[in-house]
Amino acid sequence: MVKPKTEEEIALLKENGILVSKTLAVVGRAVAPGVTTKQLNRLAETFIRDNGAIPSFLGYDGFPAALCMSVNDTVVHGFPSDVVLKEGDIVSVDCGTLYKGYNGDSAYTFPVGEVDAETARLLAVTKESLYKGIAAAVDGGRTGDIGHAVQTYCEAAGFSVVRELEGHGIGKQMHEVPGVPNFGKQGRGARLTNGMTICIEPMINAGTRGVYLANNGWEVRTADRRKSAHYELTVVVRKGAPELLSTFDYIEGKVEF
């Protein structure tokens, strides 16, 4: 059984969720051809610390940065580097915070300048699949309902779901039970209960679903070297409809800060 969070805990998780959301917006404003992912990482770490929090990815199992910065065919866990972003690239930015003893976690894939039509479609479908999965995160459901919603939407569009990686519970620890796969069957998997806090994060490939682990032991890349997109939000399972703890509204200019 997964113990639901109290409303006080959920409030602290939401503070973290808002901070990671704003951090991603700050990074997104700076994404452009000619910028390096190391520059973006420094920007994020400064913003997180200036807001009284700790970048929770930095040092996590030895990870060397505040952000996971995954460019083009890197699915997740990319290292920030001095490689310059180019027009037409995409970069998945995954951000975590630790504030008041609780964690925040969210990710967004940004286009670098103008991208081709197929890449734009990959981003749009992956992001929409996240919201399809979120809609299934209701009391009495199962994690398989979430995965099924993501999988069927993306595969119908001709894209592939990465199966070796999944979403997760979140709280005082960055990764808690249950695991939240992006594929599955309705009515299967861990039961969802009111007050459960989870991160849903589709990782969707333009080509085949095959991936491999890079020599650095962290970066997961597509086997066919085609692009991959990744979006993540933190939600609370509720009766009737889930509650968002992080948001893309700051990134997409719907809310100013």
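Sequential numbering from 1 along the given sequence is applied to the chain's residues.
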TODO: Mind checking the SG-CD1 spacing from C199 to I170? Nearest 0.5 Å is all I need.
DONE: 4.0 Å
TODO: Give a yes or no answer on whether the side chain of E219 reaches the backbone of F79 with a donor-acceptor pair at less than 3.5 Å.
DONE: yes
Open item on the list: Checking side-chain polar atoms at under 3.5 Å, does T36 have a donor or acceptor matched by the opposite partner on D82?
Closed with: no
Open item on the list: Can you give me the closest heavy-atom contact between V27 and L43, atom names plus distance?
Closed with: CA-CD2, 4.4 Å
Task: Donor-acceptor pair, side chain of N205 and main chain of S160, under 3.5 angstrom - done: no
Open item on the list: Is the shortest side-chain heavy-atom distance between I200 and L233 below 4.5 Å?
Closed with: no
- [ ] Kindly say whether A44 contributes a backbone atom to a donor-acceptor pair with the side chain of T23 at under 3.5 angstrom?
- [x] no
Open item on the list: Would the distance check show the side chain of N51 and the main-chain N or O of A53 forming a donor-acceptor pair, the cut-off being under 3.5 Å?
Closed with: no
Task: Residue pairs fulfilling salt bridge (Lys or Arg N to Asp or Glu O under 4.0 Å) with at least one residue in residues 42-63, sequence neighbours excluded - done: E45-R49
- [ ] May I ask you to decide if V20's main-chain N or O and T97's side chain share a donor-acceptor pair within less than 3.5 Å?
- [x] no
TODO: Of all the heavy-atom pairs spanning E232 and D105, show the shortest one and how long it is.
DONE: OE2-OD2, 2.8 Å
Task: OH on Y99 to CG on N16, rounded to 0.5 Å - done: 8.5 Å
- [ ] Show your reasoning for whether side chain to side chain donor-acceptor pair (under 3.5 Å) applies to Y153 and E128.
- [x] CA-CA 8 Å; Y153 187 77; E128 182 59 26; 5.0 Å; no
Open item on the list: Any side-chain to backbone donor/acceptor pair from N182 onto V161? Under 3.5 Å, distance only.
Closed with: no
Open item on the list: Please determine whether a side-chain nitrogen of the Lys or Arg among E252 and K127 lies less than 4.0 Å from a carboxylate oxygen of the Asp or Glu.
Closed with: yes
TODO: Could you tell me whether a side-chain N or O of E87 sits under 3.5 Å from a main-chain N or O of E114, the two making a donor and an acceptor?
DONE: yes
TODO: Indicate yes or no for a side-chain donor-acceptor contact from S21 to the backbone of T247 under 3.5 Å, with no hydrogens or angles considered.
DONE: yes
Open item on the list: How long is the straight-line distance from OH of Y250 back to OG of S106, given to the nearest 0.5 Å?
Closed with: 12.0 Å
Open item on the list: Quick check on R29: does its CZ atom have over 12 non-hydrogen neighbours (other residues, nucleotides or ligands) under 6.0 Å away?
Closed with: yes
TODO: Write down the atom of D145, the atom of Q186, and the distance for their closest heavy-atom approach.
DONE: OD1-CA, 3.2 Å
TODO: Any chance you could measure Q39, atom CD, to L85, atom CG, to the nearest 0.5 Å?
DONE: 9.0 Å
TODO: Enter the distance from N72:CG to R221:CZ here, rounded to the nearest 0.5 Å.
DONE: 11.0 Å
Task: NZ/NE/NH1/NH2 to OD/OE distance under 4.0 Å, R163 and E155 - done: yes
Open item on the list: Rounded at 0.5 Å granularity, tell me how far OG in S70 sits from NZ in K227.
Closed with: 14.0 Å
